Amino acid sequence: MFDPDLLADKHILITGGGSGLGLDMTARFAELGATVSICGRTPEKLESAQKEILSRSKNGKVFTHAADIRDYEAVENMVANLESQGGLINGLVNNAAGNFLAASEDLSPNAFKAVVDIVLTGSFNCSKIVGSRLIEREEQGSILNIVTTYTQTGCAFVLPSACAKAGVEAMTNSLAYEWGTYGIRVNAIAPGPFPTEGAWSRLMPDEKSEQAYKSRIPSGRYGEKWELSNLAAFVISDLAPYMTGSTIPIDGAERLNAGQFNFIAQLAPRDQLKQMFQQMKSKSSK
Ligand code: COA
């Protein structure tokens, strides 16, 4: 579907691009010709990610910068440094996140703040700094925010993440409208169950929970990194210039468990359920 030079005119900064889904998206963008920059808090992680990306696209241009995106000044320095090496950043993926399971009544103010600062303030810092430089230079760009399917429903035991990601979704819509004037598109992708070591070690208590969780996914499987990376490449590219202010879920329909009677799908095999429905129909029509 994609030309190998789809992203050749892009310099894309991916926050948290040193591991997990961020790393796979970065490698895919590099395969499609983008100059990529990744940031994170751990320099060693960034170095090893850089090697992995280059092993997937030998002639790729990959820059790294260790920074904490919660720190506005650090982001300003980072963007200036990365642009001095790879040219104006005209693509940004706000991917870096923090999350863990905790009962909300036990959260310390600092725990709430840590997640909200990484996810919401970090996304603001990067969008504001990259966006204002584009506006100043009268250049167009594309911002992609990685949110989650529970922005619309809220979610138990991950309150800081639910609040912060809902904020990022509001930021997506706000900036899409405001910066549409400048030709800067702002979209979001809401991934559902894409397990990574980082996320699962914090969010999946044990094997039993994993089984219970998997039974909620209609296709019975998790998403694979390449599926998200291809969608991200499409959204950040110029293939659909009219798309802005959109949040696209990719979750195997897992989010639709919010439907009241979805639990019935798990009660029995489908043919038995159909018999049951038939019996209920006959009874109710008497
Ligand atoms: N349950 C409850 N509170 C927790 C916690 C947990 N599992 N993990 C951390 N906290 C609390 C800490 O106790 C601290 O609060 P306190 O000062 O009142 O004790 C506060 O959160 C900040 O923790 P700290 O480790 O100092 O912050 P940090 O900035 O280094 O780390 C986190 C931020 C907590 C979000 C950390 O998990 C992180 O760095 N995550 C990044 C990667 C990630 O989460 N990936 C998954 C994405 S889905």
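In listed order, ligands and their atoms are each counted from 1. Quick note: residue numbers are just sequence positions, from 1. The model shown is predicted, which means the values in this text are computed figures rather than measured ones.
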Using only heavy-atom distances, determine whether the side chains of T172 and N145 contain a donor-acceptor pair under 3.5 Å. yes
Looking only at protein heavy atoms, identify the closest one to atom 44 (O) of ligand 1 and say how far it is in Å. N99 N, 3.0 Å
Output the list of atoms in ligand 1 that are nearer than 4.0 Å to some heavy atom of R70, sorted by atom number. 29 (O)
Among all protein heavy atoms in this structure, tell me which lies nearest to atom 17 (O) of ligand 1, with the distance rounded to 0.1 Å. N110 ND2, 2.7 Å
Side chains of Q266 and S215: is there a donor and an acceptor less than 3.5 Å apart? no
Beyond-backbone contact of T151 with T247, side-chain heavy atoms, under 4.5 angstrom: no
Any V79 side-chain heavy atom under 4.5 Å of I89 side chain: yes
What part of E197, side chain from CB on, backbone N/CA/C/O, both or neither, has a heavy atom under 4.0 Å from ligand 1? neither
Give the residue and atom name of whichever protein heavy atom lies nearest to atom 11 (C) of ligand 1, and the separation in Å to one decimal. A111 CB, 3.5 Å
So, N173 versus E169: side-chain donor-acceptor pair below 3.5 Å or not? no
Which residue owns the protein heavy atom closest to atom 40 (N) of ligand 1, what's the atom, and how far is it? R202 NH2, 3.8 Å
For atom 33 (C) of ligand 1, which protein heavy atom lies nearest, and how many Å away is it? I118 CD1, 4.0 Å
Close approach, R41 and ligand 1, non-hydrogen under 4.0 angstrom: yes
Quick check: do F2 and L7 have side-chain heavy atoms less than 4.5 Å from each other? no
What protein heavy atom sits nearest atom 2 (C) of ligand 1, and how far away is it? F100 CE1, 3.5 Å
Nearest protein heavy atom under 4.0 Å from atom 6 (C) of ligand 1, yes or no: yes
Is the closest protein non-hydrogen atom to atom 38 (C) of ligand 1 under 4.0 Å? yes
Please determine if K214 forms a cation-pi arrangement with Y222, meaning its NZ or CZ atom is less than 6.0 Å from the six-membered ring centre and no more than 45° off the ring axis. yes
Protein heavy-atom partner closest to atom 19 (O) of ligand 1 - residue, atom, separation in Å: S108 OG, 4.5 Å
Lys/Arg N to Asp/Glu carboxylate O, R70 vs D68, below 4.0 Å: yes
Is a salt bridge present between R133 and E136, judged by a nitrogen-to-oxygen distance below 4.0 Å? no
Under 4.0 Å from atom 23 (O) of ligand 1, do we find at least one protein heavy atom? no
For atom 41 (C) of ligand 1, which protein heavy atom lies nearest, and how many Å away is it? A97 O, 3.5 Å
